[in-house]
Structures are given as C-alpha cells and as structure tokens.
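Encoded as structure tokens, the structure appears first; notes follow it.
In the text below, chain A, chain B and the rest are named by the order of the sequence lines, each starting its count at 1.
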Protein chains: 2
Amino acid sequence: MANMKRIAELAGVSLGTVSHVLNGTARVREPLRERVLNAVHETGYQPSQLARGLRRDKTNILAMIVPDILNPFFPGVVRGAEDVAFANGFRLVLCNTDNDHKKELVHLNALQTYLPSGLIVIPSDFSDLTAQAESYRKSGAAVVCVDRLPRNWAGDSVTSDNAVGAFNATSYLIDLGHRRLAVITGPLHLTNSQDRLKGFKRAVRQAGLEIAPAYAQEATFDRAGGYAKTKILLRLLPRPTAILACNDMIALGALMAVREEKLNCPDDISIIGFDGLDVTETTTPQLSSVYQSSYQLGAEAVQLALDRFADTSSPVRHIVLKTELKIRESVAPPPKLESANGTGSAKRLRLAAVRA
Amino acid sequence: MANMKRIAELAGVSLGTVSHVLNGTARVREPLRERVLNAVHETGYQPSQLARGLRRDKTNILAMIVPDILNPFFPGVVRGAEDVAFANGFRLVLCNTDNDHKKELVHLNALQTYLPSGLIVIPSDFSDLTAQAESYRKSGAAVVCVDRLPRNWAGDSVTSDNAVGAFNATSYLIDLGHRRLAVITGPLHLTNSQDRLKGFKRAVRQAGLEIAPAYAQEATFDRAGGYAKTKILLRLLPRPTAILACNDMIALGALMAVREEKLNCPDDISIIGFDGLDVTETTTPQLSSVYQSSYQLGAEAVQLALDRFADTSSPVRHIVLKTELKIRESVAPPPKLESANGTGSAKRLRLAAVRA
DNA sequence: CTGCTATTCTGAAAGCATTCACGTAGCCGG
DNA sequence: CCGGCTACGTGAATGCTTTCAGAATAGCAG
C-alpha cells in the first residue's frame, strides 16, 4: 500500500500539503489540490488508520460491549449502532461479556488501547463502570450506557421507558377485567427489570388492587426462567388470570408452561411480554408484547456518543425511548367463571356453569 | 496512559528491554525482567495497539463482515467467531453489508487500513472477492469465507454440508411416504441455496420421483418469501404434501400461509426448515429443521484464519460441517385420502372417507 | 589475569500521518 | 518600487512500539 510520502512525491508536494488536502485542515490552491487528489486516485491510497490514530490520539473505532449477541434482543441494538457509526465513518468493535463483569473489565481495559472514540455498553450484571468510564473520558472517549444502567451511573445513557411500558401493559390487563395479576421480572439487580416492576406495581396500586408477594416472581431473562416461574404461578391459589412477563423470552417460557398445564392462553390466562421480538408473531397464540426499538436504542446511543464527542462539556443526557403496547392474541378478558380452587381450563368451567 | 518510555525509566532499563520482556522476543535476565514487570503492574501499563500495529504491520483485529446481524442466523456465527477470537487475544470489528456488494467493498477497503490479521466474511449477494482477498493476503491477512462462497472462490472456507442436509430431510419425507414434494429455495445465486437444492434433487431422483418445475420455487431467505411462494405451491394441482423450506424463515412463512389457507400442518402438509433456529421450537406445530451450528461455523472460521495466519503456505482448506435433521411436530406422513382438486383439510377428508 | 565467546542490553531507526513553527510568494497601499 | 500583510506550502518533530546492529557484560578456558 502506498503511503503519504509516495503521494507527496507523485503530486510533487510536501507531506504536510497532502495531509491538508486529505483532511481539509488548511487551504490548498486548486492546482496542487488536484495533483494530490489525482495521485490519491491513481494509487488507491488510503491513509493508515493506525498511524492516524496514533498521531491524533484517537481512532474512528467505537467499542461496543453487549452481554450476548445470541440473545435476540441485542442484535437490533448492535445493528442500530453500526448503521449510525458507519454513516459517520466509524467502525464497531463488538465484544460479548456473557453478563460477566470480570469479562467486561477485561474488554474494557483491552479496548482502551485502541483509543476508540467512544464506548457503547450494555452493562453486565452487577456492573460498576464508574472507574473505567472515567478513564475513557479522560482519554477523550465518549461513554454511553444502553438499555440498563450500572450502579451509580452518572453518564450519558439511552434506555426505553420501561416503567411506562410495563405500566401500560398492566393497565391494559386491568382494564380488561383482570384482577389477579402476576408478574415475572428479570433479575432485579438490573435497572430495566426494576423499572418494569415499578411500572407494574404503579398500575396495580392505581387500580386499588393488592398483589401478594408470591405473584411477583423474579426470573432470569430467558425461556427457562419464564417456564419455571410460570409453573410456580400456575400452582398458586387463586391462580392469576394474567401474567406480565418482563421480556419476550420469559413470555415464551410462560406460554410453554401454560400449554403444558393444559391451560389455554388467552382463555384461561393472558400473557404480555416485553421487547416485541419477531418471535412473538410466530407463536400460537401470537404474543402480545411491549415493543421497544432495540435498533433505535443502538442508533441513539451512537448518535449520543458522537454528540458528546463533539462537545465534551454539555450536560449529561439521558435519552428515554417510548414503548408501544402491541396487543396480539395472547390477551383476553379473564375467564368469567372459575372453580374455587382455580384449576382446570376456563372452557371446561364455562361448560360446567352452563350445565349447572 | 503510561507509555513504554515511562516503564523503561521506572525499571531503569532501555526501551528495547521493555519490549523484549513484554513480547518474549529476547532473553532478559530475571532481575531486569522483574523490574520491568513490576513497573508494568504498578502503572497498569498496556501497550498501544496502534503503535504496535503500525510497527508490526498487523493488528490483532479481525474484520468480520456479515449480511445483516438482524437475521437470526448470523448472531450465532458472530458469537462463535468472537469467542475464538477473544480466546486468542483478537478483537472483532463487525460490519453489515445488507447483502449489498457495493457496501461490502466499502467495508473491505476501509477495514484494510486497520491492518487486520484476518477477514471473516459471509459474502453478500453476487459477491466476487477475488481481488480484495488477494489484496488482504498480500498484506498478510488471512481471508476465510463462511456459510456461502463468492464466485470463483479459491480460498479457505467453512460451510455446512448443505447438500447432505437437504438430502437427508428430503429422504426423510420420502420415507414417510411423501411423493409430491415441493422445495422453496433461497436465492439461487447463493451457493448454500444451490447446494440445498442439489441435495433435494438428488434425494428425489434417487427415489425415482419426478418433480415438476413449479414445485421448486425460489424465494428470498425470509418469512415474506416463504409465505408468498407457499401460497403459490398450495394452489398447484395436485397440491404438494410436503415442503422443504431452505431456511427457517422461509419455513415460518410457509407455516403462516398454510394456516391462512385453513390447512393443517402436518396433517395436510409437512414442512421442514433449514438452520434449526430457536424459533422453530416455539411455533405450533414446532418446526422440523435441518440444524446447522452457526456458532461452530464462526468458531471454525476464526480458527482457520488463525491457522492460516501461522502458516501462509499450507494448502487451502475447506471445512464442511455436518448438519443434523431435527424432526419435530411439523412432519407427518402424507394424508391418506384426498379429494381430486386437492383442497380441504385432510382431517375432513378422512372423516368423509369414514362416512362413505 | 587475559582473551574470547556467548549472552544481555541498549539506542537509534523505522513505520505513517498530523501539526506547528516558519519560510515564501503574491498582492496592496503608499 | 518598497514595506508589510495575507495566503500557501514546507518539513521537522511527534506519537509509541518493534527490531536490528552493535555495545557492554558475564563467564569460561587457558
């Protein structure tokens, strides 16, 4: 690959001039400018990002840290981030933490030696990024947290309005007539889980309902978690008539458990998930869900990083994206009649009532 | 951040010695060695990857190019790649092409200026990477193609055994008694689509069956494609009793179309997908699929790149991964009786037969 | 204790682009 | 025609690490 020196020779100018033409850092008269540009075209020269980064103390790399790209929620975030990054001439280095804070730290430390312009991070469990973020900021990199916040986070962030999303979903169920609501939250040390639970509780309180503690279960954010906790919920007396699952994976597990118990969703029990993944459209029944735009989360995060990058001193920003309740087939009014012990399917019960 | 000079001062040695200790490039006696290591620990010094890359003409970055991380098949590949990369001290720069060869070229050109050690690429549509690959190889970077191959690809690659996978699935259907098989392929300019179609045809031929051209439809690799082509297939007379969908998204679309036509899967029509995505477990009926390990695809690709990297001259390798036919609920023997026009559900027909 | 070889260390050069202090040419007003 | 200013260009210094040629030291044999 040609280097700048060669371009300078070809164009018959000095190194500095080539640099100025390339970066627009100084005025260069047309004839010279053109000669430089020609030389660049002829050779297909592209400046070494390494040398440039070394000199400028900054690269056009953005470091992106996510728990696990295999979790179907995260690819959207990554894609949104990559698109905005690419549009602005930045590249994304992607790292998975598996929600392991140690691994997160390893990545954080290692990545800094590439002098990225920014760091977009979906914090791992029990993450505390204060020190690292400080270090990045000191080196001139913007740090933005996405989706959930580490403890004591005081920097820029982009999240969905988890509380309002959960509130709306819960209210919707209540409006349908549900009174015995259950919620399966994600891990409660995560701020998004906390906020969704808050939204749920607020809706419940506002409706003057009481929810016994057993009706709020904490699960891991996956199908297995949703399945296990739903099994528990379905054994409670009286059985809940609706479940707010705090993400779609949990909702999927809930649906499996419901089916396995020979209950019918939505006749016996309504389910609303959270995230609005594509998979909610292909289940039977189709899952209702609080949709949030993972893409936008990532896109806004990078935009925020770029803004921060341009203006280090402006006040911290905390972008909160709207959610949208998508009601599909998994929601219905609560069963009209029920046996006292709360077992059996609503359909059967309805039949029993007719006979009686 | 401290630099090497500072470490040298702290340890009272020369720059060269620090470098040698850090890289093990020369023998350094214990006392000095220790002083250097201490200084490194105390300062938390980490060598600048930029300077190192600049000097070595190579970074520990791997460039990874995928069509679209939002396509649920690709995150697995990326994750597999990242894990192996990380384990070997490499980082992944992720780029999406949207299957646009132009965008692919832009990424390819831009990424080279970071002097990556390797390039892992899932080629876009109509990709021809010969020239770029050559350029990368010339700069000492390993290039590995994954999942599908560009035209005239002569380099290392990792793919699944698409032909055998499709052959097995098709044979399974034939063994169940199906005679009127249909296939919905992906875009036929993609080698994986071609291979799956070949496998299908081979199984058909081997069973002595004939498939009219209309029973082989080409679709985009998504739900919409599967849906549209299935609609067409369901209108054919006689109607096919089984569909091999060449990926799970197509299968999902097929399932939707079947349901919409008030047909029952698997009673009226069997469906087998390809890829074995998680989503196949959450549909009703659960989708049978030819499972391939996207994770392994990515992991092997990076391993191959690292190997190539260590030995530039060894012969080109072409890793082909096994697939596994996962039969779930979407497959059954063909309906026993059918009306001549091929409409109506098998169940109804069976009832009619009983009455007669 | 001397002479040599083998072993360690050192320091400068190289890799490439950016930037800053400084030189030069052109132009205006006087 | 000259002083002086503006607008352009120049090239050396810089950022950080690796590597190579060569200096210094250690160790051993005689």
Side-chain angles (χ1 to χ4, degrees), chain A residues 1-37 39-40 43-61 89 110 112-117 138-141, chain B residues 1-37 39-40 43-61 89 110 112-117 138-141:
Chain A
M1 277 272 281
N3 59 16
M4 219 163 98
K5 196 166 152 200
R6 179 149 168 60
I7 300 296
E9 282 166 8
L10 277 178
V13 300
S14 73
L15 278 179
T17 304
V18 176
S19 178
H20 288 135
V21 169
L22 259 36
N23 298 301
T25 36
R27 216 161 211 158
V28 176
R29 256 174 310 182
E30 202 45 33
L32 284 209
R33 205 182 121 70
E34 198 150 320
R35 263 151 55 199
V36 170
L37 257 24
V40 168
T43 56
Y45 164 77
Q46 290 190 284
S48 156
Q49 295 296 337
L50 296 180
R52 171 177 285 188
L54 182 59
R55 194 62 245 265
R56 285 195 180 157
D57 257 355
K58 178 150 309 182
T59 62
N60 47 190
I61 286 178
Q112 201 168 7
T113 64
Y114 291 93
L115 302 183
S117 289
K138 212 176 290 172
S139 79
Chain B
M1 278 273 278
N3 60 14
M4 221 165 94
K5 196 167 151 200
R6 178 149 170 59
I7 300 296
E9 282 167 9
L10 277 177
V13 300
S14 73
L15 278 178
T17 304
V18 177
S19 177
H20 287 135
V21 169
L22 259 36
N23 299 302
T25 36
R27 217 161 209 159
V28 176
R29 258 173 312 180
E30 201 46 34
L32 284 209
R33 205 182 122 70
E34 198 150 320
R35 263 153 53 200
V36 170
L37 257 25
V40 168
T43 56
Y45 165 77
Q46 290 191 284
S48 156
Q49 295 296 338
L50 296 180
R52 171 175 285 186
L54 182 60
R55 193 61 245 260
R56 285 193 182 159
D57 258 354
K58 180 150 310 184
T59 61
N60 48 189
I61 286 178
Q112 203 169 6
T113 64
Y114 291 93
L115 302 184
S117 287
K138 211 175 292 171
S139 78

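- In the helix from C:dC1-D:dG30 to C:dG30-D:dC1, the terminal helix axes, each the rotation mapping four pairs' C1' atoms onto the next four within five end pairs, subtend 50°, rounded to 10°.
- For B:R27 and C:dT7, the shortest distance from a side-chain N or O to OP1 or OP2 is not below 4.0 Å.
- Look at CG on A:L50: it is 12 Å from P on C:dT18, rounded to the nearest Å.
- Between the CZ atom of A:R52 and the C1' atom of D:dC16 there is a distance of 18 Å, rounded to whole Å.
- The structure places CZ of B:R33 at 12.5 Å from OG1 of B:T17, a figure rounded to the nearest 0.5 Å.
- Of the possible polar contacts, one joining the A:T43 side chain to the A:A39 backbone as a donor-acceptor pair under 3.5 Å is found.
- Between the P atom of C:dT8 and the CD atom of B:E30 lies a distance of 12 Å, rounded to the nearest Å.
- Among residues two or more places apart in sequence or in another chain, the side-chain hydrogen bond (donor to acceptor under 3.5 Å, both in side chains) test is passed with B:R56 by B:N23.
- Within 4.0 Å of A:S48, counting heavy atoms only, lie sugar-phosphate atoms of the nucleic acid but no base atom.
- Within the 4.0 angstrom heavy-atom criterion, only backbone atoms of the sugar-phosphate kind lie near B:L32; the bases stay farther away.
- Remark: B:S19 is in phosphate contact with D:dT18, judged by side-chain N or O atoms under 4.0 Å from OP1 or OP2.
- Protein atom NE2 of B:H20 is 12 Å distant from nucleotide atom P of D:dA21, rounded to whole Å.
- The minimum heavy-atom distance linking A:L50 with B:L54 is given by the pair CD1-N, 3.7 Å.
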Sort me out a list of protein N/O and nucleotides 22-27 of chain D N/O pairs below 3.5 Å, or just none if empty.
none

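- When all heavy atoms of A:Q112 and A:S139 are compared, the pair lying nearest together is NE2-OG, 3.7 Å.
- In terms of polar N and O atoms assigned as donor or acceptor, the side chain of B:R55 comes within less than 3.5 Å of the base of D:dT18 in a complementary pairing.
- Of the side-chain N and O atoms in A:Y45, one or more sit less than 4.0 angstrom from OP1 or OP2 of C:dA17.
- Counting to the nearest Å, the C1' atom of D:dG15 and the CG atom of A:L15 are 16 Å from each other.
- Scanning for salt bridge (Lys or Arg N to Asp or Glu O under 4.0 Å) contacts around B:R6 gives an empty result, with sequence neighbours left out.
- For the OP1/OP2 pair of D:dG11 and a distance below 4.0 Å, the side-chain nitrogens and oxygens of A:S14 include no atom meeting the criterion.
- Judged by distance alone, the side chain of A:K58 and the main-chain N or O of A:G140 form a donor-acceptor pair under 3.5 Å.
- For the pair A:Y114 OH and D:dT17 P, the computed distance is 14 Å after rounding to whole Å.
- Here the CG atom belonging to A:L15 is positioned 8.5 Å from the CG atom belonging to A:N3, to the nearest 0.5 angstrom.
- One atom, CE of B:M4, and another, P of C:dG11, lie 13 Å apart when rounded to the nearest Å.
- Nucleotides of DNA chain D nearest to B:A51 and B:T25 differ in position, and the one nearer the 5' end is that of B:A51.
- The nearest whole Å value for the distance from the CG atom in B:N3 to the P atom in D:dT14 is 14 Å.
- Between A:N23 and the phosphate of C:dT18, there is a side-chain N or O to OP1/OP2 separation shorter than 4.0 Å.
- Partners of A:E9 by side-chain contact (heavy atoms from CB on, under 4.5 Å), not counting sequence neighbours, listed by chain and number: A:K5.
- The side-chain hydrogen bond (donor to acceptor under 3.5 Å, both in side chains) search around A:T59 returns none, not counting sequence neighbours.
- As judged by a 4.0 angstrom heavy-atom cut-off over every strand, B:V28 is placed among residues touching the sugar-phosphate backbone only.
- Closest to the side chain of A:V13, out of C:dC9, D:dT10, D:dC16, is D:dT10.
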